[in-house]
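Data first, discussion second: the structure below is written as structure tokens.
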Amino acid sequence: MSELKKGPFWITNTLTRKKEEFVPQAPPHVGLYVCGPTVYSDVHLGNVRTFTTFDLLYRWLLHLGYKVRYVRNITDVGHLVGDIDEGEDKIAKRARLEQLEPMEIVQKYTNGFHAVMRQFNVLSPSIEPTATGHLIEQIDMVKRIIDHGYGYEANGSVYFDVPKFAEKHAYGELSGRKIDELMSNTRDTEGMDEKRSPLDFAIWKKADPIHLMKWPSPWGEGFPGWHLECSAMSTKYLGLTFDIHGGGMDLKFPHHECEIAQSIAADGQAPVRYWMHGNMLTVNGRKMAKSEGNGFTPEELVTGNHKLLERGYSPMTVRFFMLQCHYASTLDFSNAALQAAEKGLERLMKAVQTLNSAKASGNSNGAYTSALNVIEELAYGHMNDDLNTPRMIAVLFDGVTEINKAVDGGGVARGFNEAELGRWKKFYSEMVFDVLGLQQETATAGDDTAMDGLVKVFIQLRAEAKAKKDFAASDRLRDQLLALGIVLKDTKEGTTWERA
RNA sequence: GGUCGCGUGGCCGAGUGGCUAGGCACAGCUCUGCAAAAGCUGCUACUGCGGUUCGAAUCCGCACGCGACCUCCA
């Protein structure tokens with residue numbers, strides 16, 4: 001099995017649009033870069049999906065034994081609002097609205113972002129660089145682009161010369177665009193622009209006097225262009241060419257396309273070997289986006305305090321909901337789907353709990369060894385096939401049925417010996433907790449000994465009532481406990497309890 | 001308008017040209033004083049029309065419907 005675990009890992013490279021075997025540049029090291037959030041407002045569930053997707057990738061790479069340097073940036077400057085001529089820094093705009101310092105906004109929403117990531121059990125990256133912390137690197141990159149003839153200054157701003165770049169390089173390769181098609185499809189609102197071509201994009205932008213976030217540069221006071229930070233920081237921490245770059249589908253063009261162009265222009269080599277893009281979370285078939293106003297925050301999700309939500313759902317329910325769909329497919333949000341996921345997750349987690357507290361009966365005929373062999377092989381196969389979590393989870397559920405069949409009400413796993421049971425426990429714990437990143441959300445019966453003892457007193461009272469055939473009394477006890485969130489279950493081996 | 005993608009059973013959602021995805025819901029049964037849980041059984045779909053093929057949900061074409069990107073967006 002150990003060989004199989006390592007077994008070839010295939011991922012869809014959106015650059016070639018094909019599944020390719022993943023082979024790191026310098027095994028066992030893997031360089032992974034993911035575009036992080038712009039911290040000018042709360043993250044919504046769509047953002048969470050992308051970070052969950054790459055969290056899954058990160059976890060799988062770690063599980064396969066790779067040493068991963070995972071860089072996920074915080075964009076705290078530079079993206080413009082609206083069209084370029086009256087462009088305004090999003091963060092600065094928000095700062096004025098809230099009467100705060102720009103860096104206060106950055107701090108506030110960075111904190112919020114981190115809190116959400118913790119809620120959804122998304123692992124921290126190895127490095128989380130900020131754009132403002134890498135001005136020198138960005139300015140330096142602009143210089144290199146100019147030196148190589150692909151950037152030009154105009155009125156204090158510096159633009160990337162796309163047509164010139166396209167003469168020698170494949171601009172549009174990632175997003176499948178052709179330069180002349182782009183030309184003819186340009187929206188014609190440029191007019192008095194400083195750009196030589198409408199396709200050109202700013203790599204350094206002059207700051208107007210009222211602009212709050214600005215830095216000195218060889219071209220005057222300004223701020224870095226939209227796409228530059230990722231190029232500068234990925235180069236700094238992962239090298240000129242690194243293994244995997246991830247992000248949401250919506251960043252493919254122009255953001256990632258521009259990253260490629262910048263890196264090639266500055267340093268002469270393509271920055272990324274494998275591009276991966278996560279698909280969108282939709283609501284009623286439409287992309288969830290801040291600009292659509294159809295997004296909701298994780299807090300609204302948990303409390304259910306939003307018009308799209310019939311009630312609240314836990315973060316793990318949502319994580320599981322997302323994992324039941326392949327990362328490259330759009331996923332449509334709905335209350336019914338969430339409720340289904342909630343039930344499914346409960347079934348899975350209960351089985352894991354049952355498994356973990358089970359004791360082996362000792363009399364094994366090896367059936368559960370071969371069953372696990374099959375499950376393991378399938379699960380690894382599916383994960384290695386472009387992170388096919390829906391199929392992997394389906395396999396997990398096959399095992400859940402086996403577990404439920406084997407473990408009796410007294411917690412004895414019939415037909416298992418110690419070693420077998422240990423293997424099952426290890427496998428399920430690795431897949432469910434380490435790889436899928438799910439966690440137990442409700443306190444378990446054994447967590448609180450006082451509580452457990454208390455409930456057992458009631459169970460004893462009820463057993464006495466039952467023995468006297470006083471079912472009215474026994475049912476009343478059960479109902480009253482249920483009202484407090486305690487569920488009693490009568491089994492052949494006695495009564496057990498759990499939280500609802 | 002251009003580029004790309006999608007259209008699967010009551011719902012969500014996988015899918016390799018031929019062999020049961022899975023989850024949820026629903027129905028019946030077993031267990032049970034009743035219930036809950038669990039197990040068993042049933043529910044067999046692939047937008048439409050052509051084509052390729054011994055055979056297509058899976059390949060090709062056309063039509064219809066939907067979406068993403070083309071502007072900040074995960």
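A note on names: the letters A, B, ... follow the listed sequences, proteins ahead of strands, and every chain is numbered from 1. Source: prediction; values computed, not measured.
- The side chain of A:Thr401 sits closest to B:G39 out of B:A74, B:G22, B:G39.
- The separation of B:C43 from B:G22, taken at their C1' atoms, amounts to 15 Å, rounded to a whole angstrom.
- Residue-to-nucleotide contacts include no donor-acceptor pair under 3.5 Å from the side chain of A:Asn47 to the base of B:C73.
- Across all strands shown, B:C31 forms no Watson-Crick or G-U wobble pair with both key distances under 3.5 Å.
- When distances run from any side-chain atom of A:Glu181 to the nucleotides B:G39, B:U3, B:A21, the shortest one goes to B:U3.
- Rounded to whole angstrom, the span from the CG atom of A:Leu477 across to the P atom of B:G33 amounts to 18 Å.
- The base of B:G22 does not come close enough to the side chain of A:Asp398 for any donor and acceptor atom to sit less than 3.5 Å apart.
- Phosphate proximity of B:A21 to A:Arg391: absent, as no side-chain N or O sits under 4.0 Å from OP1 or OP2.
- Less than 6.0 angstrom separates the ring centroid of A:Trp60 from the ring centroid of A:Tyr380.
- Set against B:C69, B:G23, B:G67, the side chain of A:Arg286 has B:G67 as its closest nucleotide.
- Closest-nucleotide positions on RNA chain B for A:Thr282 and A:Ala289 were compared, and the one nearer the 5' end corresponds to A:Thr282.
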Does A:Phe201 form a ring-ring contact (aromatic ring centres under 6.0 Å, His included) with A:His227? I'd like the steps, not just the answer. CA-CA 9 Å; A:Phe201 56 90; A:His227 316 297; 5.3 Å; yes
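- When all heavy atoms of A:Cys35 and A:Glu259 are compared, the closest pair comes out as SG-OE2, 3.9 Å.
- Checked against the 6.0 Å centroid criterion, the rings of A:Phe120 and A:Phe51 do not qualify as a close aromatic pair.
- Across every strand in view, B:A25 sits unpaired, with no contact that passes the Watson-Crick or G-U test at under 3.5 angstrom.
- Within the structure, a side-chain polar atom (N or O) of A:Asn404 is placed less than 4.0 Å from OP1 or OP2 of B:G39.
- Using a 30° and 60° split on the angle between ring planes, A:Tyr368 and A:Phe416 fall in the parallel class, below 30°.
- A cation-pi arrangement, defined by a distance under 6.0 Å to the six-membered ring centre and an angle within 45 degrees of its axis, is absent between A:Lys206 and A:Phe223.
- Here the nucleotide nearest the side chain of A:Asp490, chosen from B:G33, B:A68, B:A21, is B:G33.
- Ranked by how close their nearest RNA chain B nucleotide is to the 5' end, A:Val487 and A:Leu331 are led by A:Leu331.
- Counting any heavy atom pair closer than 4.0 Å across all strands shown, A:His277 reaches no nucleic acid atom.
- Here B:C73 presents its P atom at 15 Å from CD1 of A:Ile74, a figure rounded to the nearest Å.
- Distance CG (A:Leu338) to P (B:C24): 15 Å, rounded to an integer number of Å.
- Checking B:G65 for Watson-Crick or G-U wobble geometry (two distances, each under 3.5 Å) identifies B:C6 as its partner.
- Taking only distance into account, the side chain of A:Lys290 never meets the base of B:C72 through a donor-acceptor pair shorter than 3.5 Å.
- For A:Lys350, counting side-chain heavy atoms from C-beta on, the closest listed nucleotide (B:C69, B:A37, B:A14) is B:A37.
- Going from atom CZ of A:Arg319 over to atom C1' of B:A74 covers 15 Å, rounded to whole Å.
- B:A14 is unpaired under the criterion used here, namely a Watson-Crick or G-U wobble arrangement in which both key atom distances are under 3.5 Å.
- Backbone-only engagement by A:Ser329 is indicated by non-hydrogen atom pairs under 4.0 Å involving sugar-phosphate atoms exclusively.
- Between B:A14 and B:C70, the distance separating the two C1' atoms is 31 Å to the nearest Å.
- Heavy atoms of A:Asp332 sit under 4.0 angstrom from primed sugar atoms or phosphate atoms, though from no base atom.
- Note: CE (A:Met322) to C1' (B:A74) measures 10 Å, nearest angstrom.
- Taking atom CG on A:Leu251 and atom C1' on B:A68, their separation rounds to 13 Å, with Å as the unit.
- Of the nucleotides present, none pairs with B:C46 by Watson-Crick or G-U wobble criteria with both distances under 3.5 Å.
- Base engagement by A:Gly46 is indicated by at least one non-hydrogen atom pair under 4.0 Å involving a base atom.
- Side chain of A:Lys466, nearest nucleotide from B:G33, B:G67, B:G39: B:G33.
- A:Trp275 places a side-chain heavy atom less than 4.5 Å from the side chain of A:His256.
- The base of B:A36 has none of its N or O atoms less than 3.5 Å from a complementary donor or acceptor on the side chain of A:Arg478.
- The distance from atom CZ of A:Arg414 to atom P of B:A38 is 19 Å, rounded to the nearest whole Å.
- Residue ring and nucleobase are not stacked for A:Phe397 and B:G23 under a centre distance beneath 5.5 angstrom and an angle between planes beneath 30°.
- The residue A:Arg462 sits close to a base: some heavy atom pair falls under 4.0 Å.
- With distances taken from any side-chain atom of A:Ala336 to the nucleotides B:A74, B:C72, B:C11, the minimum falls on B:C11.
- Spacing between atom CG of A:Asp475 and atom P of B:G33 amounts to 12 Å, rounded to whole angstrom units.
- Heavy atoms of A:Met280 sit under 4.0 angstrom from at least one base atom.
- A:Ala337 comes within contact range of the sugar-phosphate backbone alone, with a heavy-atom separation under 4.0 Å but no base atom that close.
- Nucleic acid contact for A:Leu488: base, since at least one base atom lies under 4.0 Å from a heavy atom of the residue.
- Looking at every heavy atom in both residues, A:Asp200 comes nearest to A:Pro163 through OD1-CD, 3.1 Å.
- Residue A:Lys343 places at least one side-chain N or O under 4.0 Å from the OP1 or OP2 atom of B:A25.
- Interface remark: the A:Arg17 side chain does not form any donor-acceptor pair with the B:C4 base, using a distance-only criterion of under 3.5 Å.
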